[in-house]
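Worksheet: the structure to be examined is printed underneath.
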Number of protein chains: 2
Amino acid sequence: MPIQARSQATIEAIFEATIQVLLQGGARALTTNRIAEKAGVSIGTLYQYFPGKEALLYALVGRHLDKAGEAVERACRVHGGMSLADCADLFVDAYIDAKAGDVAVSRALYHASTELDMQDLGAAMLARLHQAVRGLLEHAHGGQPETLDTIVFSWVAVVTGGTRVLFEQDGTIERLPAFRAQLKLMSRAYLDILGTSDMRTDHTRNGECYLAKT
Amino acid sequence: MPIQARSQATIEAIFEATIQVLLQGGARALTTNRIAEKAGVSIGTLYQYFPGKEALLYALVGRHLDKAGEAVERACRVHGGMSLADCADLFVDAYIDAKAGDVAVSRALYHASTELDMQDLGAAMLARLHQAVRGLLEHAHGGQPETLDTIVFSWVAVVTGGTRVLFEQDGTIERLPAFRAQLKLMSRAYLDILGTSDMRTDHTRNGECYLAKT
DNA sequence: ACAATGTGTGAGCATTTGCTCATATGTCTT
DNA sequence: AAGACATATGAGCAAATGCTCACACATTGT
């Protein structure tokens with residue numbers, strides 16, 4: 001669709017302007033006219049490239065998610081003979097690094113995306129992460145495939161969800177280093193179950209009562 | 001402010017109508033006129049009780065968060081001489097149960113809340129959970145208080161965030177039981193670190209390389 | 001019965017929003 | 001140079017939204 005070079009530049013300007021408007025004024029201030037103004041193009045131009053406001057946001061969010069997803073996939077591909085602990089660190093680092101690049105943008109886009117129906121984008125992202133992580137752990141798992149899927153799903157949900165909570169609550173990413181370390185610790189402890197026992201055993205008996213009374 | 005009984009009923013009707021509109025039409029369809037119509041009251045009545053749309057949403061979201069927070073706090077208060085594993089189960093169950101009651105409502109309210117500036121409500125909820133969980137683990141922790149705070153923060157973030165991801169992606173809460181079990185398993189494994197070693201040790205050496213090659 | 005006050009009404013206004021379309025200006029090919 | 005096509009313009013429209021206000025009804029106390 002882009003025949004001349006300037007059209008691509010225009011689209012880029014519109015994308016960038018959308019992010020800027022979102023960052024400055026929030027979801028409420030995100031109007032097509034404002035976006036066009038900020039981008040330095042006319043409102044008509046905007047509607048030449050996007051059939052509507054929703055489509056613009058959809059494309060923008062999709063592009064960002066795609067970038068993050070690709071980064072994680074790339075990181076997960078190189079895992080020759082890693083320990084589970086290293087796998088844990090690998091995914092946690094890859095995901096957080098992919099998201100930490102522009103926390104503000106991620107937050108802004110996420111807030112904007114709730115106005116629309118973008119659950120499919122989020123679901124696609126989750127599925128992508130699921131596949132990547134599955135590949136990472138597959139050869140270390142001896143049990144049934146569905147068991148592995150449950151583990152992968154839970155782990156991915158916890159890592160992505162936990163990171164989101166951190167970013168939402170702590171805009172300054174002050175706590176990020178500590179949280180990252182804890183997330184790794186937790187992931188290692190969890191994944192080690194893969195190598196030590198079946199998922200169905202009740203692990204309350206393995207660990208004693210660690211309660212240190214007074 | 002409510003002197004006669006019917007005013008309270010009106011407010012309740014408005015709250016309920018807000019949820020209904022949100023569930024049926026999403027955030028885009030959430031207009032004051034629609035809410036009033038659905039509630040069976042006039043638009044003027046709505047603005048007699050709430051200074052604006054934002055205030056209405058703020059009150060509604062606050063009420064729901066409050067209910068959930070209170071439930072978790074109540075559950076966390078009774079913890080005489082529990083093992084860490086039981087503590088893990090307790091919080092996971094309490095939080096999920098508090099949220100699972102009305103998944104659809106939680107999702108709807110969350111989506112609506114992004115239009116506004118409600119980060120303070122979310123932060124307050126997190127702080128509340130933090131305090132409750134801190135009380136739950138306090139007597140089992142021998143290290144420095146800041147270490148405990150880091151653990152509690154990370155754990156709470158992971159449990160709340162992970163649950164949110166699940167609810168957003170899986171509206172039918174089909175995967176909830178499996179996820180709940182995994183979350184408990186993960187929490188137990190993580191919290192056990194509290195009783196076995198200091199947080200600063202590198203746990204890569206404790207666990208071997210569990211990788212089962214082929 | 002009657003006023004005082006709490007509660008409910010809804011037509012309609014000011015503003016905003018997403019978007020269209022007739023037109024203008026670049027850019028490329030021949 | 002000139003036509004063909006891609007790109008850009010922006011005034012303005014139809015619809016929607018948050019909200020006001022002058023007025024009506026209900027409940028209470030005396």
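Computed from a predicted structure; not experimentally measured. Below, chain A is the first sequence line, B the second, and so on; all start at residue 1.
For D:dA8, the OP1/OP2 oxygens have no side-chain nitrogen or oxygen of A:Ser42 closer than 4.0 Å. Applying the 4.0 Å criterion to OP1 and OP2 of D:dC21, one finds that B:Tyr47 has every side-chain N and O outside that range. Between A:Arg34 and C:dT16, a side-chain N or O to OP1/OP2 separation shorter than 4.0 Å is absent. Look at B:Thr10 and you'll find a side-chain N or O under 4.0 angstrom from OP1 or OP2 of C:dG8. Put simply, B:Thr45 has no side-chain N or O that comes within less than 4.0 Å of OP1 or OP2 on C:dT7. The side chain of A:Thr32 contributes an N or O atom lying less than 4.0 Å from OP1 or OP2 of C:dG18.
Aromatic rings of A:Tyr49 and A:Phe15 (six-membered ring for Trp) have centroids beyond the 6.0 Å cut-off, not under it.
Computed from coordinates, the B:Gln48 CD to D:dA22 P distance equals 15 Å when rounded to whole Å. Distance CZ (A:Phe50) to P (C:dT17): 20 Å, rounded to an integer number of Å. We find that CG of A:Leu46 is positioned 17 Å from P of C:dC21, with the value rounded to whole Å. When rounded to the nearest whole Å, the span between CD of A:Glu12 and P of D:dT7 equals 15 Å. As rounded to whole Å, 16 Å separates atom P of D:dA6 from atom CD of A:Gln8. Across the protein-nucleic acid pair, B:Glu37 atom CD and C:dA11 atom P stand 12 Å apart, rounded to whole Å. Look at CD1 on A:Ile35: it is 11 Å from C1' on C:dG18, rounded to the nearest Å.
Looking at residues 23-31 of chain A, you'll see A:Leu30, A:Thr31 sit with a heavy atom under 4.0 Å from some atom of DNA chain C. Residues of residues 52-59 of chain B having a heavy atom closer than 4.0 Å to DNA chain D, listed by number: B:Gly52, B:Lys53.
In terms of position on DNA chain D, the residue among A:Gly44 and B:Ile43 whose nearest nucleotide sits closer to the 5' end is A:Gly44. Each of A:Val41 and A:Asn33 was assigned the nucleotide of DNA chain D with the nearest heavy atom; the assignment lying further toward the 5' end belongs to A:Val41.
With hydrogens and angles disregarded, a donor-acceptor distance shorter than 3.5 Å links the side chain of A:Thr163 to the backbone of A:Val159. Looking at A:Lys53, its side chain does come within 3.5 Å of a backbone N or O of A:Leu30 through a donor-acceptor pair.
For the pair B:Asp170 and B:Leu176, the tightest heavy-atom approach, listed with the atom from each and the gap, is OD2-N, 4.4 Å. In this structure, A:Leu191 and A:Ala88 approach most closely via the heavy-atom pair CD1-CB, 4.0 Å.
Relative ring orientation between A:Tyr110 and B:Tyr110 is described as tilted, the plane-to-plane angle lying within the 30° to 60° band.
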Can you name the atoms? Protein N/O to nucleotides 25-30 of chain C N/O, anything below 3.5 Å, with the distance.
none

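Around atom CD of A:Gln20, more than 12 heavy atoms belonging to other residues, nucleotides or ligands sit under 6.0 Å away.
No donor-acceptor contact under 3.5 angstrom links the side chains of B:Asp149 and B:Thr147, judged on distance only.
Ion pairing of B:Glu168 with B:Arg107 is absent here, as no side-chain N (NZ or NE/NH1/NH2) approaches a carboxylate O to less than 4.0 Å. Of the charged side-chain nitrogens involved, at least one lies within less than 4.0 Å of a carboxylate oxygen, so that B:Arg63 and B:Glu12 count as a salt-bridged pair. The pair B:Asp86-B:Lys184 does not meet the salt-bridge criterion, since no charged nitrogen lies less than 4.0 angstrom from a carboxylate oxygen.
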Please step through side chain to side chain contact (heavy atoms under 4.5 Å, CB included) for the pair A:Met118 and A:Leu57, ending with a clear verdict.
CA-CA 10 Å; A:Met118 294 190 164; A:Leu57 272 178; 3.9 Å; yes
